[in-house]
Protein chains: 2
Amino acid sequence: MAAFDAPFTPVEPVRAYQRVAEQIEDRILSGELPPGSRLPGERELVSQFGVGRSTVREALRVLQSAGLIRSRPGDPLGAEVLGVSADNLSQALGRLTRSHLCSLGELIQFRMVLEAESNRLAARLRTEDDLTRMAELIERMRSLAGAGTGLRAFSETDALFHQAVAEASRNALLGLCARAVHDAVVEIIEHKIANVADATAWMARSIDHHEQVLAAIRAGDAPHAAQLARRALHAYYADHVEPTARPLLTAALEEE
Amino acid sequence: MAAFDAPFTPVEPVRAYQRVAEQIEDRILSGELPPGSRLPGERELVSQFGVGRSTVREALRVLQSAGLIRSRPGDPLGAEVLGVSADNLSQALGRLTRSHLCSLGELIQFRMVLEAESNRLAARLRTEDDLTRMAELIERMRSLAGAGTGLRAFSETDALFHQAVAEASRNALLGLCARAVHDAVVEIIEHKIANVADATAWMARSIDHHEQVLAAIRAGDAPHAAQLARRALHAYYADHVEPTARPLLTAALEEE
DNA sequence: GAAATCAACTGGTCTGACCAGTGGACTGGC
DNA sequence: GCCAGTCCACTGGTCAGACCAGTTGATTTC
């Protein structure tokens, strides 16, 4: 049947650097080269693959731009394997936005969807351990806010809380994407974020929000947990998006 | 205040190829180099940037692996600008799955979320033009199924329908990501997809589903439109995911 | 006028070289 | 024995020049 409309597919040449990159990528993704391990030096790879150094280097460039490895001049151990992360995703999302293929408003709306779904699933599937961990993180946020140690440590704990929710939702992909979108958003309106007028008040409100989320998740109230994420993001970002996009953002607010 | 916890950030060296790649990427993303336009030849870029050819080539490799350009040996016009697409996203998602950082089940679940939300928003925001276009595409699917021209053309029209829904939802990002996830899924279980026992029956069911979606969107019944996407994906893929993931997939089925 | 030929390109690859930076071995003084 | 300083082999980053296979368009040939 498949022979009807496309008996043959066009064959395009495979470059040498592609096959080198593929071989290395396969070993990284299969776990044979775990994060933290080292690749041989470039000159060693040259002799192992039987190609020139420029070919090896182009392959390494591709892997590096995909965030799979990192290399440092002078390092006698060779390039370091980083493993797969969400960096590449957020980079791609940032490009989409920068090229005006999608707007900041769409990014925010997308994040509303992801976090809401994360919360919803967490409310249904969370274990006691998940709840304990989330409560711990909120406690840590509270102490950080009290100590006045600045926003950076607070934001890190914030991210950990979201990660804990993602774990409780039993879908790592939701969490990874939400993180990627978050990073892309921060990259775009970073300067405005840094200008939070009163950091203390902001942290207090953030803690309050997280506690509500935790309560909803603990109670297993999936719709409410989802709605909390939507509302919080809308309230926080609505003023930052293009005025024309605001009605669309509001359209994503209610499920019903 | 920011001076408290991180007065200085570490400065890492910027490689020459990075700055070359950045300059070109900026021009592509800003629209100054629209899709279809051509970059100068490598030797020309060498003299414009004042760097060696290997540096230029590594920069082009990075851009090419990001899907922004494409080059072909012997082409006197130089590398072609492709613009931003979802390819990079699906590539990143495929890597996540291949490295077992997320499972096929999570991918499917993620797609359920995206398509459901796309349908929901489309049901609220669609215009008459959107509805007309969707109806046209369903008509085209019907004629393709009747003509027995094979699955490929049918699947293309299918993709166009989903794109039309995404347009109606006024959030391109949802559509792009759904497409990326779709591609990643196809890449993983491609062989099983190709083995659809009875293509005719499958196409008939697909058309039926699309008609239901269109009806819900036309009626403005957002919850129902969303639910249709969830159910269809669940019904189609539930048998293909790891048995342990099935309860999780089912958990994402109902909103309530 | 159509077909075969040719020459001037292109990108892909290889080689060999140099540089700045890194880290371990070696050496000195204590 | 220990620590500081020096040194050197080696790394990745970059450059220059070369060759090849393939494309393209003009030129020649019939």
Side-chain angles (χ1 to χ4, degrees), chain A residues 8-25 27-28 33 35-83, chain B residues 8-25 27-28 33 35-83:
Chain A
F8 294 107
T9 50
V11 45
E12 78 258 27
V14 179
R15 317 283 174 216
Y17 80 90
Q18 284 176 337
R19 294 199 285 184
V20 172
E22 259 171 46
Q23 278 197 49
I24 300 177
E25 182 177 337
R27 296 217 186 180
I28 294 178
L33 285 170
S37 62
R38 300 303 186 117
L39 258 46
E42 291 182 1
R43 289 159 178 89
E44 171 64 21
L45 290 173
V46 165
S47 69
Q48 283 191 28
F49 284 108
V51 297
R53 187 145 94 103
S54 46
T55 302
V56 165
R57 283 182 59 75
E58 288 184 23
L60 293 180
R61 278 284 95 83
V62 171
L63 296 175
Q64 188 167 25
S65 80
L68 291 174
I69 65 171
R70 173 177 52 185
S71 59
R72 208 169 35 114
D75 191 337
L77 293 169
E80 182 186 0
V81 175
L82 294 177
Chain B
F8 293 107
T9 50
V11 45
E12 78 259 27
V14 179
R15 318 282 174 216
Y17 79 90
Q18 284 176 335
R19 295 199 285 184
V20 172
E22 259 171 46
Q23 279 197 49
I24 299 177
E25 182 177 338
R27 296 216 185 182
I28 294 178
L33 285 170
S37 62
R38 301 302 187 118
L39 257 46
E42 291 182 1
R43 289 158 177 90
E44 171 64 22
L45 289 172
V46 165
S47 69
Q48 283 190 29
F49 284 108
V51 297
R53 185 145 95 102
S54 47
T55 301
V56 165
R57 283 183 59 75
E58 290 184 23
L60 294 180
R61 277 285 95 83
V62 171
L63 296 174
Q64 187 167 24
S65 79
L68 290 173
I69 65 171
R70 173 177 52 186
S71 60
R72 206 174 37 123
D75 190 338
L77 293 168
E80 181 185 1
V81 175
L82 293 177

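Model, not experiment: these values are computed from the prediction. Below, chains carry the letters A, B, ... as their sequence lines are ordered, and counting in each starts from 1.
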- Query: Is there a donor-acceptor pair under 3.5 Å between the side chain of A:Glu44 and the backbone N or O of A:Gly41?
  - Reply: no

- Ignoring backbone atoms, establish whether A:Ser71 has a side-chain N or O less than 4.0 Å from OP1 or OP2 of D:dT11. no

- Message: If you compare every side-chain N and O of B:Thr55 against the phosphate oxygens of D:dC15 (OP1, OP2), does one of them come in below 4.0 Å?
- Response: yes

- Note on the structure: Rounded to whole Å, the CG-C1' distance (B:Leu77 to D:dG25) equals 12 Å

- Message: Assuming nearest nucleotide by heavy-atom distance, tell me which of A:Gly52 and B:Pro73 is located more 5' along DNA chain C.
- Response: B:Pro73

- Query: Over how many whole Å does the gap from B:Leu39 atom CG to C:dT10 atom C1' extend?
  - Reply: 14 Å

- Note on the structure: Here the gap from A:Leu33 atom CG to A:Ile24 atom CD1, rounded to the nearest 0.5 Å, amounts to 8.5 Å

- Let me know, please, whether A:Asp75 or A:Tyr17 comes out on the 5' side of the other along DNA chain C by nearest nucleotide. A:Tyr17

- Message: Distance check needed: C:dA20 P versus B:Arg15 CZ, whole Å only.
- Response: 14 Å

- Item | Pairwise 5' ranking along DNA chain D for B:Arg43 and B:Val51, keeping only the more 5' one | B:Val51

- Query: Looking only at heavy atoms, what is the nearest atom pair of A:Arg38 and A:Asp75, with distance?
  - Reply: NH1-OD2, 3.0 Å

- Task: State, with a plain yes or no, whether a side-chain heavy atom of B:Pro40 is found less than 4.5 Å away from one of B:Gln48.
- Result: yes

- Message: Measuring from the side chain of B:Glu42 (C-beta onward, heavy atoms only), which nucleotide among D:dG12, D:dT14, C:dG12 has the closest atom?
- Response: C:dG12

- Distance test, side-chain N/O of A:Arg72 to OP1/OP2 of C:dG23, below 4.0 Å: yes

- Winner on side-chain proximity to A:Pro76, out of C:dG23, D:dT14, D:dG12, is C:dG23

- Note on the structure: To the nearest angstrom, the CD-P distance between B:Gln18 and D:dG13 comes to 9 Å

- Does a distance-only test, which skips hydrogens and angles, find a donor-acceptor pair under 3.5 Å between the side chain of B:Arg53 and the base of C:dT13? yes

- Item | Length of the CD-C1' vector between A:Glu58 and C:dG11, whole Å | 10 Å

- Task: Grab the CD-C1' distance between B:Glu44 and C:dG11 for me, whole Å please.
- Result: 15 Å

- Query: Considering only D:dG13, C:dG12, C:dG23, which nucleotide approaches the side chain of B:Arg57 most closely?
  - Reply: C:dG12

- Quick check: are there more than 12 heavy atoms from other residues, nucleotides or ligands sitting under 6.0 Å from CZ of B:Arg27? no

- Message: Measure CZ/B:Arg70 against P/C:dG12 and give the value in whole Å, please.
- Response: 13 Å

- Query: Has the side chain of B:Arg61 got a donor or acceptor that lies under 3.5 Å from a partner of the other kind on the base of C:dG12?
  - Reply: no

- Item | Length of the CZ-C1' vector between A:Arg38 and D:dG12, whole Å | 13 Å

